[in-house]
2 protein chains.
Amino acid sequence: LIRLRNVRKIYPMGAEEVRALDGVSLDIYPNEYVAVMGPSGSGKSTLMNMIGCLDTPTEGTYHLRGQNVGEMEDDELAAIRNREVGFVFQTFNLLPKVNCLQNVELPLIYSGKRKAERRRMAEVAIDKVGLSDRITHKPSELSGGQRQRVAVARALVNNPSLLLADEPTGNLDTRTGNEIMLLFEELYRRGNALMVVTHEEGVARHARRIIRLRDGMVESDVRVENP
Amino acid sequence: LIRLRNVRKIYPMGAEEVRALDGVSLDIYPNEYVAVMGPSGSGKSTLMNMIGCLDTPTEGTYHLRGQNVGEMEDDELAAIRNREVGFVFQTFNLLPKVNCLQNVELPLIYSGKRKAERRRMAEVAIDKVGLSDRITHKPSELSGGQRQRVAVARALVNNPSLLLADEPTGNLDTRTGNEIMLLFEELYRRGNALMVVTHEEGVARHARRIIRLRDGMVESDVRVENP
Ligand SMILES: Nc1ncnc2c1ncn2[C@@H]1O[C@H](COP(=O)(O)OP(=O)(O)OP(=O)(O)O)[C@@H](O)[C@H]1O
Ligand SMILES: Nc1ncnc2c1ncn2[C@@H]1O[C@H](COP(=O)(O)OP(=O)(O)OP(=O)(O)O)[C@@H](O)[C@H]1O
Ligand SMILES: [Mg+2]
Ligand SMILES: [Mg+2]
């Protein structure tokens, strides 16, 4: 599904340069559940943005289903992102001016669903994250953990073949966090691929493979029997 | 230091109303270290915003050092906030157009420090959170956990008598998170008061008292021997 070879992301900063990724090579298969861990600043979000087609490598190649992503047209990339990838951002990235329901419907607009169907699918996703009683609230009228859950619902609503979740439970109490992990397990059982950045061992334990980054490089890559 | 009596925060939403806080009464003394826990949406951030003078109760009273906060003038409130309170927000709230150093200097501008002294104090705070090598980066050029640490540095730079930290380690790997908890312990040892919202038991364990909220009310309030 995903093949990275010698990927680097380099930001020039005046006289110096910051190497957010410094030579990453990885293979991820269509039905895998991967946890990504590592210290703050080690390149996890940069890696996720790369894989989710939101950013391009400075050096190296990224093939998605055999196609070289670096050589795709913008509209082709956008189509892949909207159809196949669900992304839970570390900073949520909700639209501030529309409410919870409209935020969750957004990926369905791109995938051409009709209005009644969009609403139904969005309501199901919102119910799964326990926010049916907040459906008309705008992001500013929600708690931090509620916004995080809207971001999760939006990422799941299209039943994506690839879910990329960057610290999806960082703002959630343990019990609510576990409910989100059950939704992820369900997506995985339906045959999809998941990559979850987390710093919590309890969350990583749900994955079947743990990749650890350090200073923009893969430090270890271990498959685990589960559970 | 802090006395809340029957505090309510009620948001009218069309025909219904949301009770973010629904009758909270609390006393916090000048040198206490309190953890605030509870499910997502239970009112923790609302409580912190109230205590930090960023929001006012719909009902009930809040006395800070014996003064009724609800009856203060805006400029008096602002003076208290800038001089005495350090706030780490759940969503960081950094200024996007200025860099890490300038963000951390901000509370020092309000407290009238001279330029050279501001810079020195900000550099010390930035070093304490391990970001000396990111001092010229803007928030968009930082990782999620780095932004969180800038928010912590900004909250600590003025040596506040009251630190309010809302999920201060939610985006940090365990080791970096522990470094932040050491800084908090140091602030506490210097005689200050701390309130830390967290969903992680490991973080709550550092506190000397744990307040649990549920549905906008105090469910339990327990002092612990530590550690
Ligand atoms: N402006 C608003 N209008 C309506 N409801 C609001 C508003 N702000 C907050 N709420 C509601 O008030 C409740 C408490 O919010 P608060 O942010 O204090 O929760 P929290 O305990 O910090 O949650 P979390 O752990 O998810 O951050 C939530 O259910 C939220 O939906
Ligand atoms: N636009 C940018 N310009 C310069 N440096 C950047 C930029 N974006 C990110 N960086 C740097 O790249 C490194 C990796 O960032 P990244 O966001 O991938 O880390 P992370 O592993 O997700 O960290 P965290 O756990 O704190 O979220 C960081 O050290 C960061 O400072
Ligand atoms: Mg990150
Ligand atoms: Mg909150």
Side-chain angles (χ1 to χ4, degrees), chain A residues 11-16 18 20 37-46 48-49 89-92 94 99 129-131 133-149 166-167 169-177 179-180 197-202 204 212-214 216, chain B residues 11-16 18 20 37-46 48 89-92 94 99 129-131 133-149 166-177 179-180 197-202 204 212-214 216:
Chain A
Y11 296 104
M13 300 283 297
E16 314 195 336
V18 172
M37 306 186 79
S40 175
S42 53
K44 306 180 294 297
S45 296
T46 307
M48 297 284 272
N49 290 339
F89 295 94
Q90 194 168 6
T91 49
F92 317 156
L94 302 178
N99 66 28
V129 299
L131 287 178
D133 63 350
R134 291 285 181 272
I135 209 161
T136 56
H137 287 232
K138 295 201 186 64
S140 60
E141 298 166 334
L142 292 172
S143 76
Q146 290 167 344
R147 286 176 211 166
Q148 187 155 43
R149 285 185 273 160
D166 198 343
E167 298 283 357
T169 61
N171 283 288
L172 299 176
D173 57 284
T174 309
R175 185 166 150 188
T176 312
E179 290 167 20
I180 299 305
V197 170
T198 183
H199 67 269
E200 296 187 48
E201 296 291 341
R212 288 186 192 270
L213 297 186
R214 180 176 292 280
Chain B
Y11 296 105
M13 300 284 296
E16 315 195 335
V18 172
M37 305 186 80
S40 175
S42 54
K44 306 180 294 296
S45 297
T46 307
M48 298 284 271
F89 295 95
Q90 193 167 9
T91 48
F92 319 154
L94 301 178
N99 65 28
V129 298
L131 287 177
D133 62 350
R134 291 284 182 273
I135 209 161
T136 55
H137 287 231
K138 297 199 185 67
S140 59
E141 297 166 335
L142 292 172
S143 76
Q146 290 167 344
R147 286 175 210 166
Q148 188 155 41
R149 286 185 273 159
D166 198 344
E167 297 285 357
T169 60
N171 283 288
L172 299 176
D173 56 285
T174 309
R175 185 166 150 189
T176 312
E179 290 168 20
I180 298 306
V197 171
T198 182
H199 67 270
E200 297 186 48
E201 295 291 341
R212 289 185 190 271
L213 296 187
R214 182 176 290 280

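Proteins get letters first, then strands, A, B, ... in listed order; numbering begins at 1 in each.
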*asked:* Please classify the contact between A:Ser42 and chain B as side chain, backbone, both or neither, with a heavy-atom cut-off of under 4.5 Å.
replied: neither
*Looking at A:Arg147, A:Met37, A:Gln146, which one has more heavy-atom pairs under 4.5 Å with chain B than the rest?*
A:Gln146
*Considering residues at least two apart in sequence or located in another chain, which fulfil the side chain to side chain donor-acceptor pair (under 3.5 Å) criterion with B:Thr91?*
B:Asn93
*Looking at A:Glu16, A:Gln148, A:His137, A:Lys44, which has the largest count of heavy-atom pairs under 4.5 Å with chain B?*
A:His137
*Quick one: OG on A:Ser40 to CD1 on B:Ile180, what's the gap to the nearest 0.5 Å?*
9.0 Å
*Which bit of A:Glu201 is near chain B, if near means a heavy-atom gap under 4.5 Å: side chain, backbone, both or neither?*
neither
*asked:* Exactly one of A:Asp173, A:Thr174, A:Leu172 should register a side chain to side chain contact (heavy atoms under 4.5 Å, CB included) with B:Pro39. Which one does?
replied: A:Asp173
_Heavy-atom contact with chain B under 4.5 Å, split by part of A:Val18_ = side chain
*asked:* Using heavy-atom distances under 4.5 Å, tell me whether B:Thr176 contacts chain A through its side chain, its backbone, both, or neither.
replied: side chain
*If you look at every heavy atom in A:Asn171 and B:Gln90, which pair is closest and at what distance?*
OD1-NE2, 3.0 Å
*asked:* Suppose we screen for ring pair (Phe, Tyr, Trp, His ring centres under 6.0 Å). Which residues come up paired with A:Phe89, at least two apart in sequence or across chains?
replied: A:Phe87
*Top contributor to chain A contacts, counting heavy-atom pairs under 4.5 Å, from B:Gly43, B:Gly130, B:Ser143, B:Gly202*: B:Ser143
*Heavy-atom distance under 4.5 Å to chain A: side chain of B:Thr46, backbone, both or neither?*
neither
*Quick one: are B:His199 and A:Arg175 in side-chain contact, heavy atoms under 4.5 Å?*
no
